[in-house]
Participant: 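Here's a structure for you.
Just so you know, ligand 1 is whichever comes first in the structure, and atom 1 is the first atom listed for that ligand. Residue numbers run from 1 in the order of the sequence given.
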Amino acid sequence: MNKNELASIAQSIMQKGKGILAADESFPSIEKRFKSIGVESNEENRRAYRDLLLTAEGSEEFISGVILFDETIRQKAGDGTPFPQALSKRGILPGIKVDGGAKDMPGFPGEKITEGLDGLRDRLKEYHDLGARFAKWRGVIDIAEGIPTTGCIEANAEALARYAALCQEADIVPIVEPEVLMDGGHDLARCYEVTTTTLRTVFSRLVAHRVFLEGMLLKPNMVISGAKCPTQATAQEVAEATVCCFRRTVPAAVPGIVFLSGGQSSERATEHLNLINMIADLPWEISFSYGRALQEAPLMTWKGLAENVPAAQKAYSHRAKLNSLARKGQYESKMESMAA
Ligand code: 13P
């Protein structure tokens with residue numbers, strides 16, 4: 001493990017005004033996204049869509065890293081350059097999703113455990129050779145009647161810590177993603193309680209596995225009302241509850257927190273990030289690692305048609321720019337309608 005290198009990669013991802021594009025949808029997830037625009041999910045369509053995002057001119061001003069899927073890290077841009085090199089040439093760090101997905105946890109009805117530790121050491125070596133400098137592993141914690149259980153939180157935290165330790169051994173910065181889902185009918189207070197317990201457990205396992213905190217990044221959910229909760233917290237309440245939760249659970253040695261969007265609308269995700277960054281004296285850099293909230297606009301504009309690529313790239317860069325401003329606390333909703 002090269003600690004200097006890990007810390008410097010983490011800091012480079014967290015540079016001011018920049019964040020991460022999560023473009024690492026698994027085969028079932030990208031199929032779902034393509035279905036919404038009537039496009040078949042085949043290898044060439046997936047390549048063309050990722051090409052659009054990854055080569056969008058000017059996006060490097062707002063994007064410091066992109067999380068790729070295994071298929072994509074081996075594919076090439078339209079000009080024949082492998083995607084990881086196409087990114088690095090423009091100063092964007094290539095990352096890679098390495099988990100094998102969240103599967104039903106045996107003995108724990110309604111809960112998931114993320115697979116993918118077996119053989120991970122060898123896969124990380126290969127990904128590093130292919131150009132990946134950071135990685136992502138997502139654990140999923142659902143809130144409903146009687147869940148999450150301590151068993152589920154502990155099993156996922158242990159897997160995240162083992163993954164993070166293996167990444168650092170390979171000089172790859174681990175993004176540790178324990179996602180508390182926002183699908184349920186629970187309120188903000190319940191999300192706060194579950195996110196707090198989850199983050200405490202995760203950091204206790206990270207420390208137990210001797211993970212170098214300065215050389216990792218955290219990718220959490222915001223503390224937010226469940227999508228089906230009748231009383232939705234305000235954006236300001238979300239920002240304050242989120243920061244309060246992190247102050248109590250995330251060590252200051254962690255250089256950065258990069259949020260997932262988790263099903264929030266693109267505008268909401270940007271507004272929340274902005275309000276969080278307006279809170280003074282935070283010990284970590286706070287940015288975005290959005291999938292849906294960065295891709296919704298370009299996906300809807302593209303619709304699978306080559307002639308729409310320039311407009312879709314513009315829509316993507318505009319969204320990236322707004323999030324870049326939110327990362328500095330300089331976003332205003334009236335900017336939504338301004339041209340890219
Ligand atoms: P969303 O922003 O769409 O939640 O995706 C981020 C991600 O990488 C989930 O693992």
Participant: Which residue supplies the protein heavy atom nearest to atom 9 (C) of ligand 1, what is that atom called, and how far is it?
Facilitator: Glu177 OE2, 3.2 Å
Participant: With ring centroids as reference points, do Trp302 and Tyr316 lie under 6.0 angstrom apart?
Facilitator: no
Participant: Considering heavy atoms of the protein only, find what lies nearest to atom 5 (O) of ligand 1 and give residue, atom and distance to 0.1 Å.
Facilitator: Gly291 N, 3.6 Å
Participant: Assess whether atom NZ of Lys328 is packed by more than 12 heavy atoms of other residues, nucleotides or ligands within 6.0 Å.
Facilitator: yes
Participant: Considering only the protein, which heavy-atom contact is closest to atom 1 (P) of ligand 1, and what is its distance?
Facilitator: Ser261 OG, 3.3 Å
Participant: Please identify which of these residues, Gln264, Gln236, Glu267, meets the side-chain hydrogen bond (donor to acceptor under 3.5 Å, both in side chains) condition with His272.
Facilitator: Gln264
Participant: Would you call the rings of Phe259 and Phe246 parallel, tilted or perpendicular, where under 30° means parallel and over 60° means perpendicular?
Facilitator: parallel
Participant: Out of Gln295, Lys97, Arg46, which residue meets the side-chain hydrogen bond (donor to acceptor under 3.5 Å, both in side chains) rule with Glu25?
Facilitator: Gln295
Participant: Any nitrogen or oxygen of Ile67, side chain or backbone, less than 3.5 Å from one on ligand 1?
Facilitator: no
Participant: Heavy atoms only, cut-off 4.0 Å: how does Ala22 contact ligand 1, side chain, backbone, both, or neither?
Facilitator: side chain
Participant: With Lys18 as the cation and Phe62 as the aromatic partner, state whether NZ or CZ is under 6.0 Å from the six-membered ring centre and within 45° of the axis.
Facilitator: no
Participant: Which ligand 1 atoms, with their elements, are less than 4.0 angstrom from a heavy-atom of Gly262?
Facilitator: 1 (P), 2 (O), 4 (O)
Participant: For Ser289 and ligand 1, answer yes if some heavy atom of the residue is under 4.0 Å from a ligand atom, otherwise no.
Facilitator: yes
Participant: Would you say ligand 1 has an N or O under 3.5 Å from any N or O of Lys136?
Facilitator: yes
Participant: Do any side-chain atoms of residues 226-233 form donor-acceptor pairs under 3.5 angstrom with protein atoms, and if so which ones, sequence neighbours left out?
Facilitator:
unit_1: Lys228; atom_1: NZ; unit_2: Asp183; atom_2: O; d: 3.2
unit_1: Gln232; atom_1: NE2; unit_2: Gly226; atom_2: O; d: 2.9
unit_1: Gln232; atom_1: NE2; unit_2: Cys229; atom_2: O; d: 2.9

Participant: Below 4.0 angstrom from a heavy atom of Tyr290, which ligand 1 atoms are there? Numbered from 1 as shown, please.
Facilitator: 2 (O)
Participant: Heavy atoms only: which of Arg33, Lys219, Arg292, Glu179 is nearest to atom 8 (O) of ligand 1?
Facilitator: Lys219
